Structure formats: structure tokens, C-alpha cells
Amino acid sequence: MITINEHYLKLQKSYLFSDIAKRIAVYQKNNPDTHLIKLGIGDVTRGLPGACIDAFHKAVDEMAEDATFRGYGPEQGYEFLREAIAVNDFKNRGAEISADEIFVSDGAKCDTGNIQEIFSQDIKIAIPDPVYPAYLDTNVMAGRTGNFIDGRYEGIVYLDSVKENNFVPSLPKEKVDLIYLCFPNNPTGSTITKAELKTWVDYARDNNALIFFDAAYEAFIRDDSLPKSIYEIEGAKEVAIEFRSFSKIAGFTGTRCAYTVVPKECTAYDTSGNKHSVHSLWNRRHCTKFNGVSYPVQRAAEAVYSESGKIQTRALADYYLKNADLVCTTIAELGYDFVGGENSPYIWIDGRTDSWEFFDMLLNKTGIVCTPGAGFGKCGNGYIRISAFNSYENVKMAMARLIETLSS
Ligand code: PLP
């Protein structure tokens, strides 16, 4: 008899986006003439930068000719892309990461979800609340949690990100082995300072623990004092793996390209306490289960680091940051507390009521769709997330509606 991995049965059904869709459908049926403005989604809305498109086209043409055709590439990614990443994203910011510590992939979602499998079943895991759901669900699938009771999985150490700690979790009181951090944060939009991040690196070093640092939104950081990479913190190379993505920096959500940095110094232990290279384990896993990102996509990603690519991708992030700024100004004017929106495309607003009630009020009174914070964890209740991924015109219209409706 074929039996299932019963840990999957512990997973909570994700009703968040289907519930949102249902409520939108009812609203649209009752208000067919209202232009609905969706400020809920984490997907980007603007086209790929010209430099990426040009490189993409050129590489597609190369694939048409026998002389320049490429079949299977290196599983870890082509040297031209890994080298460009190492220089531009790390060495130029003072972080000594080499090309062979970079693993190119088709998404940070897959990487953040897959990497847990190289670690043992009984490690203690710390996960922020609210959280990007992939971190938690993949550990549930792997059997590292108990059941879901009263809004939380047994066995997980939750790191509350709340107003009192400025949405940057404090170190756990109990000892943990693996820590997930994401900055700039999804969903809260909060950022972490170098000093705060150093406390986590020090904790990991003192406890032989490891940090998974998700920097998918680093392109939105404009405050130069904030770390874009965990490797800007001394000692991080031994205890941190970093995830990056071209999704938000260059609009690759549909094109798919990302990368994971696993430094050679990064170590984990067997049950006898012997050290093992995490880099070797991940390399083995990557080569066994992954066959590389397509050549044209890697060429398009490489173009992000060309002179024109740098200008265009910065302009892309600036466009969304201008939207975020308008949202922040409006929300402040309306007297709501919020975080994010400054070095992040997300604005996390204290709705002063249940998340879904606030969602319904916004939808029904203004025709604006946001994301209820409760969908990201227990600490998200009472909050809503607004995303800056939309056209400036739509955001302007949405904010005018908010002022008109909520200030009266
Ligand atoms: N990490 C975080 C925090 C995200 O918010 C997202 C996407 O929204 C991802 C990773 C996924 O990135 P990718 O498109 O590279 O899979």
C-alpha cells in the first residue's frame, strides 16, 4: 500500500488569497462600475529593463545557431553570471564572496524552501511571526513540527515581530540551531541595522547555529547605513546562508532567476560533533536535483550588472519606492501607525481592528484591495500589508480615495 508523508496533513490550508479573491468577486458583482485597485499583491507590475530584454533577445538568437547553441549548463550557474554577482553584489560592498560560493537557481522561494533538507530532523528552528510562509510550511512538510494548535505549530520557536521591538525580533530565550531572517522584511517592510544583525551573527557563532538570511528585497534599500547583505557583518561567513532574487530588483517574477550564497566556511555538525561543509552538502543536493537556469535567462540576469542595467534597475526600484512614499505620507496623514515603505516596497499598517474587518472596510468603502496581516501569522492580526507594486496613477487614485473616505 502506498502511504503518504503524513506531515503534509498538518499543513494549514492557505485560505488567504482565495478568501481575498472571493471577497473581491462579491464586491465586483455589487459594484461593477468601480475601478478596483489592487495594492495587496507581492508581484511586480512593470516590464523588464531594456538592458535585460536586449541580452535576453541576443541569447535567444544564439540558441538558434548550432555554433552558439547551449545545452545543459553548469548546475550552479554560468561563470559569467556568478562572477558578475560576486563582484557587484558583494566585493563592491566589502563582502568577500567568491563566484564559486554562488548557486544560481530559478527562485528564492525554491531555495529557501529546499535548503532545510540538508539539515537533520531534530534541529530547533526559529521562525519570525509574521512570516513569508515558505519557511514555515517546508519545515512542517519535513516533519520538524508538531501539530498546529491555537495558530502556531508545536516545536517551532516563534520570533515575534511586533511594534514593541520595531518589527525586528529579539534573540530567542531558548537555544535554537537554525534561524530564518528576512530584511527588508516581507510582510512588514521593516529593516535591520548592522548592529542588530550583528547580535544575530554573534548568537549563531556562540551557539553553533546557522542563519538563513533572505535578502530578496535588498534592492529597495536606500539608506546606506543598512546592510544589503549579511556578509557585511563580520564573522557571518561561517554562520549564514543568503538568498537573493532577480524577481524584485529587475522584474523577474515571471522570468525566474535567483541565487543562494553558501560560503565555503559555513559549517554544520554530525551527531558526533564533527564539522561538515554546508557548501559541499548544498552543492551535492543542487547538482542531484537541479539542472540549471536557462541560458537566455542567465544572460538577462547578467545584464542587471551592466552600466545601463544598473541605471534601469535602480529606476525600477525608485518607481515603486515613490509609490511607497505616497502611501506612507497618506497613512501618516490619516493618523495610522505603520512601518516600512522607506527601504522596502511594503507598508505594514496597524488597522486598530481585526485584519479582515479592516480589509473589508477598505474594499467596501474605497474599492482598494490590501492583504490582511493575519494571513502571515498570529502577530499579523490587526495589521494589513499594502504593496507598492502598481502604477503611480493607481496608487495616487487609491490614496485620494483613502483620504476622501477615511478622513471624513
Ligand atoms: N523571499 C521573500 C521574502 C519573498 O517575498 C519572495 C516573493 O515574494 C521570495 C522569496 C520569492 O522570490 P522568487 O521570485 O525568487 O522565488
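Bear in mind that the values here come from a model prediction, so they are computed numbers and not experimental data. Numbering starts at 1 and runs along the sequence shown. Read the numbers this way: they start at 1 and go in the same order the structure lists the ligands and their atoms.
In this structure, a donor-acceptor pair under 3.5 Å is present between the side chains of D111 and T260. Side-chain contact annotation: S229 with E218, donor-acceptor N/O pair under 3.5 Å absent.
Residue contacts with ligand 1: S245 is placed with a nitrogen or oxygen under 3.5 Å of a nitrogen or oxygen of the ligand (distance criterion only). For ligand 1, the polar-atom distance check finds an N/O of S247 within less than 3.5 Å of one of the ligand's N/O atoms.
At least one heavy atom of C182 lies less than 4.0 angstrom from ligand 1.
What sits closest to atom 7 (C) of ligand 1 on the protein, heavy atoms only, is K248 NZ, 3.4 Å. Among all protein heavy atoms, the one lying closest to atom 3 (C) of ligand 1 is D214 OD2, 3.3 Å. Looking only at heavy atoms of the protein, atom 16 (O) of ligand 1 is closest to R256 NH2, 2.8 Å. Among all protein heavy atoms, the one lying closest to atom 11 (C) of ligand 1 is Y132 OH, 3.3 Å.
Contact annotation for A108 and ligand 1: heavy atoms of both the backbone and the side chain come within less than 4.0 Å of the ligand. Under 4.0 angstrom from ligand 1, the non-hydrogen atoms of Y217 all belong to its side chain.
Rounded to the nearest 0.5 Å, atoms CG (D100) and CZ (R82) are 6.5 Å apart. Distance CG/N92 to CZ/F90: 11.5 Å, rounded to 0.5 Å. Expressed to the nearest 0.5 Å, how far CG of L178 lies from OH of Y135 amounts to 11.5 Å.
Close approach of ligand 1 to G107 (heavy-atom distance below 4.0 Å) involves ligand atoms 15 (O), 16 (O). Every atom of ligand 1 with a heavy atom of N186 under 4.0 Å away is listed here by number and element: 3 (C), 4 (C), 5 (O). The contact set between ligand 1 and K109, taken as ligand atoms under 4.0 Å from a residue heavy atom, comprises 11 (C), 12 (O), 13 (P), 16 (O).
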What do the steps show when you test R385 against N186 for side chain to side chain donor-acceptor pair (under 3.5 Å), and what is the final call? CA-CA 9 Å; R385 186 191 74 177; N186 178 15; 2.7 Å; yes

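Stacking of K310 on the aromatic ring of Y305 is not recorded, the 6.0 Å distance cut-off and the 45° axial limit not both being met.
Between E302 and R299, at least one side-chain N (NZ, or NE/NH1/NH2) sits under 4.0 Å from a carboxylate O, which counts as a salt bridge.
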